[in-house]
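Take a look at the structure below.
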2 protein chains.
Amino acid sequence: MAPKRVTLADVAKLAGLSTTAASMILNGRPDTRLSQDAHERVLAAAAELNYRPNVAARGLRTQKTRTIGFISDRVATTRFASGLIEGALAAAGAADHVMLVLETGGEAKLEASALEAVLDRQVDGIVFASMRARELYIPELPAGTRSVLLNATSQGHAVSVLSDEYTGGRTAVEVFARHGFTDGVAVLGYSEEAEHGLFRSVAVSRRVDGVKDALAEHGIDVAVWESVWLWDADTGYVAAKKILRRHPGIRALLCMNDRLAFGAYQAIQEKGLRIPDDISIVSFDNDELASYLRPGLTTVALPHEQMGRHAVSLLLSDDAAPGERLVPMPLIERSSVID
Amino acid sequence: MAPKRVTLADVAKLAGLSTTAASMILNGRPDTRLSQDAHERVLAAAAELNYRPNVAARGLRTQKTRTIGFISDRVATTRFASGLIEGALAAAGAADHVMLVLETGGEAKLEASALEAVLDRQVDGIVFASMRARELYIPELPAGTRSVLLNATSQGHAVSVLSDEYTGGRTAVEVFARHGFTDGVAVLGYSEEAEHGLFRSVAVSRRVDGVKDALAEHGIDVAVWESVWLWDADTGYVAAKKILRRHPGIRALLCMNDRLAFGAYQAIQEKGLRIPDDISIVSFDNDELASYLRPGLTTVALPHEQMGRHAVSLLLSDDAAPGERLVPMPLIERSSVID
DNA sequence: TATATTTGCTAAATCCATTCATCTCGGGGT
DNA sequence: ACCCCGAGATGAATGGATTTAGCAAATATA
């Protein structure tokens, strides 16, 4: 039914020229000495036949495929970090590239085969993404294969894109500072283990550092640091309940992420207290939840989409200077902080 | 640094045979008459050099790339439907294929160029996915290009994978039936407009049909159908408040999706009522939210991952019979229904 | 007028794997 | 001694582009 693919040879024949000429013209090579007339004929022929170059054939010759590989642990999968893919996809599309997406679930065996799969397809570059900022082991790549780490770091000199957690931590505290809180503040989710570098991600400890420094600078007195290991809604609920019971004077609560905050909302509202009138809350991540909550949760956003975008444009640019690129974490103000 | 790619010629040379022989042996062609000895030498050489075929070169010859295209409106992007990608990715990986993922945001111009981009790369098949089940327009594809619609339907005889909304609708009602509810039931989110086919998706009207039929069959009396247009947390909150005010006798609430249920929880708890003691709730989708809620929300799940998986295996199988493939919607029982 | 340049264009090699068409060699049949 | 046959293997064409090297005609230079 549909006609078979048009090749460069077809275009050349219709234009009455060689494939060499057609190729040069269609690729807009600057140094060509072909006539104006030849240009017009080739372009017209290509348009008429609706010519599209065969990427495999071109890639074979040029080693460029306008394709990038995106290898992640569970980024597409997890609703949480899917913004990373979204941004990467958008940036790739804007640069007229496509993206091969592979997920490994963090398994070493799958990681190796995913890497082979993209390498076999001669991708122009690879993004190694991680759901939560952590240290990744990246095997040696063939010479000339560019790569960028997204939401991850790695030993050695790789380029990596991360959220600026330290400044983000400060931003959250500054909300309280701006609203005049100097005491009656509780922090939920600070983790001793993270602090001592046991495991978890670099992100966590930087976020905590930012919080601590800003707290000190603004002279804010912290009534209680409630350290929990799992940062989810359930732990948030339990921990917030405990804080409320033991420290009835709390007027402001800083949660280390939105799921904790979600749990805290439940505990607070169950107790008949009102947000933000009785207790103000600031949190991190800007999870989808934050907008559903009532009142809306003020939170320091994880700029996932921006990060994905940045990673891909870095990969495609010629800025390969090793090191970290920090993407700012914007404050999303809703209604969980009293005026 | 890293050595340059090993080609088939290198393998052949090391094995002391022609590339023809090497190719035949490595591809395990059944009709070959090459000696056992030759087989061993080639296999050994390939292993020693860690040979990996160049997919572009092979694809050029065979027209097969072991790559499939996944074109969606906003699937990766939206946290909601990302299970579709997850499943598709898993199935592709299991079949030793990779997936090119492209997002169009639903814009016709981007749809066309996305299609061209994957066609240029000679994909073996294309999945057209949609975030919410709806009618899609699929342009004519080159002969021999297979395609499957995922969470979408299309005019004509395309193959499509959908959730079994009708049965899902019945499932939800049956939960109430099993727990002996015969009256005091409210339905939230039924949409007149959808019913009249104004727009929205096929999914919605089938879901509603299933609910209605099951309600009738079990002789359950519905006190109020609250029809809302936008199915999000905010509308759910407002609508549930209204129901509670006007129909104080309500003991069971069926929400058409989890975001509505989320809003309903807020309204119910604000009023001092308890779930499930005072009001039981059943909903649809199994959004991530459903597990955060307290008590956990019983909901009929959208089997996104299964659907994605099914779509890809269908694409790769030789079952191309046109028509719909319905994937069952499992009931996820949590604690929002009284015993 | 004879030689050097420039202009406009093309033949052929190349990228790498697959595959069709043959080719060689040794043994069996007559 | 001659032909045939099959096992074992390979040369060369193929797919569709890019790119190097170079040819022929037109123009400029001496």
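Just so it is clear, the values below take in all heavy atoms, side chains as well, and ignore hydrogens, waters and symmetry mates.
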Open item on the list: Holding to salt bridge (Lys or Arg N to Asp or Glu O under 4.0 Å), I want the full list of residues that pass it with A:Asp37, two or more places apart in sequence or in another chain.
Closed with: A:Arg41
Open item on the list: Using whole Å, what does the distance between atom C1' of nucleotide D:dA17 and atom CD of A:Gln122 come to?
Closed with: 15 Å
TODO: Would you mind reading off the bend of the helix from C:dT1-D:dA30 to C:dT30-D:dA1 from its two end axes, five pairs each, to 10 degrees?
DONE: 70°
Task: Non-hydrogen side-chain atoms of B:Glu135 and B:Thr153 separated by less than 4.5 Å - done: yes
Open item on the list: With a 3.5 Å distance limit and no angle check, can you tell me whether A:Thr145 reaches the backbone of A:Leu141 through a side-chain donor-acceptor pair?
Closed with: no
Task: Trace of the side chain to side chain contact (heavy atoms under 4.5 Å, CB included) decision for B:Asp124 with B:Thr67 - done: CA-CA 6 Å; B:Asp124 296 344; B:Thr67 301; 5.7 Å; no
Open item on the list: Just to be sure I understand the geometry, which residues of residues 44-60 of chain A put a non-hydrogen atom under 4.0 Å away from DNA chain D?
Closed with: A:Tyr51, A:Arg52, A:Pro53, A:Asn54, A:Ala57, A:Arg58, A:Leu60
- [ ] Please work out if A:Ser35 contacts a base, only the sugar-phosphate, or nothing of the nucleic acid, heavy-atom cut-off 4.0 Å.
- [x] sugar-phosphate
Open item on the list: Using OP1 and OP2 only, check whether a side-chain N or O of A:Thr7 sits under 4.0 Å from D:dG16.
Closed with: no
- [ ] Output yes when a side-chain donor or acceptor of B:Ser313 lies under 3.5 Å from a complementary backbone atom of B:Arg309, and no otherwise.
- [x] yes
TODO: In whole angstrom, give the distance that lies between atom NZ of B:Lys13 and atom C1' of D:dG11.
DONE: 17 Å
TODO: Return the 5'-most residue of the pair A:Thr19, A:Ala38 with respect to DNA chain C, ranking by each residue's nearest nucleotide.
DONE: A:Ala38
- [ ] Please list, in 5' to 3' order, the outermost nucleotides of DNA chain C lying under 4.0 Å from any heavy atom of chain B.
- [x] C:dC16 to C:dC20
Open item on the list: So that I can tick it off, tell me whether A:Asp10 and A:Arg5 are bridged by a salt bridge, with the cut-off set at under 4.0 angstrom between side-chain N and carboxylate O.
Closed with: no
- [ ] Hey, which sits more toward the 5' end of DNA chain C by its nearest nucleotide, A:Ser18 or B:Arg61?
- [x] A:Ser18
Task: B:Gly93 backbone acceptor or donor facing B:His97 side chain under 3.5 Å - done: no
TODO: Return the value, rounded to whole Å, for the distance between atom CZ of A:Arg66 and atom C1' of D:dT18.
DONE: 15 Å
Open item on the list: Output the rounded distance in Å from CD (B:Gln36) to P (D:dA7).
Closed with: 15 Å
Task: Side-chain ion pair, A:Glu86 and B:Arg74, N-O less than 4.0 Å - done: yes
Open item on the list: Check this for me: does any side-chain nitrogen of one of A:Arg325 and A:Asp164 sit under 4.0 Å from a carboxylate oxygen of the other?
Closed with: no
Open item on the list: Please encode protein proximity along nucleotides 21-28 of chain D as a string of B, S and -, counting only heavy-atom distances under 4.0 Å.
Closed with: -B------
- [ ] Just call it for B:Ser23: base, sugar-phosphate, or nothing, with non-hydrogen atoms closer than 4.0 Å on any strand.
- [x] base
Going by atom type alone, with no hydrogens or angles, which donor-acceptor pairs under 3.5 Å involve a side-chain atom of residues 108-119 of chain A and a protein atom two or more places apart or on another chain?
unit_1, atom_1, unit_2, atom_2, d
A:Ser113, OG, A:Leu110, O, 3.3

TODO: May I ask you to decide whether B:Asp120 forms a salt bridge with A:Arg66, counting only side-chain N to carboxylate O separations under 4.0 Å?
DONE: no
Open item on the list: For A:Glu165, is there any backbone N or O sitting under 3.5 Å from a side-chain donor or acceptor partner on A:Ser163?
Closed with: no
Open item on the list: Is the shortest side-chain heavy-atom distance between B:Val159 and B:Leu149 below 4.5 Å?
Closed with: no
TODO: May I have the step-by-step check of side chain to side chain contact (heavy atoms under 4.5 Å, CB included) for A:Ile68 and A:Val312, ending in yes or no?
DONE: CA-CA 9 Å; A:Ile68 83 181; A:Val312 167; 3.7 Å; yes
- [ ] Starting from C1' on D:dT19, measure out to CG on A:Leu26 and report it in whole angstrom.
- [x] 15 Å
Open item on the list: Expressed as a whole number of angstroms, how long is the span from A:Leu17:CG to D:dA17:C1'?
Closed with: 17 Å
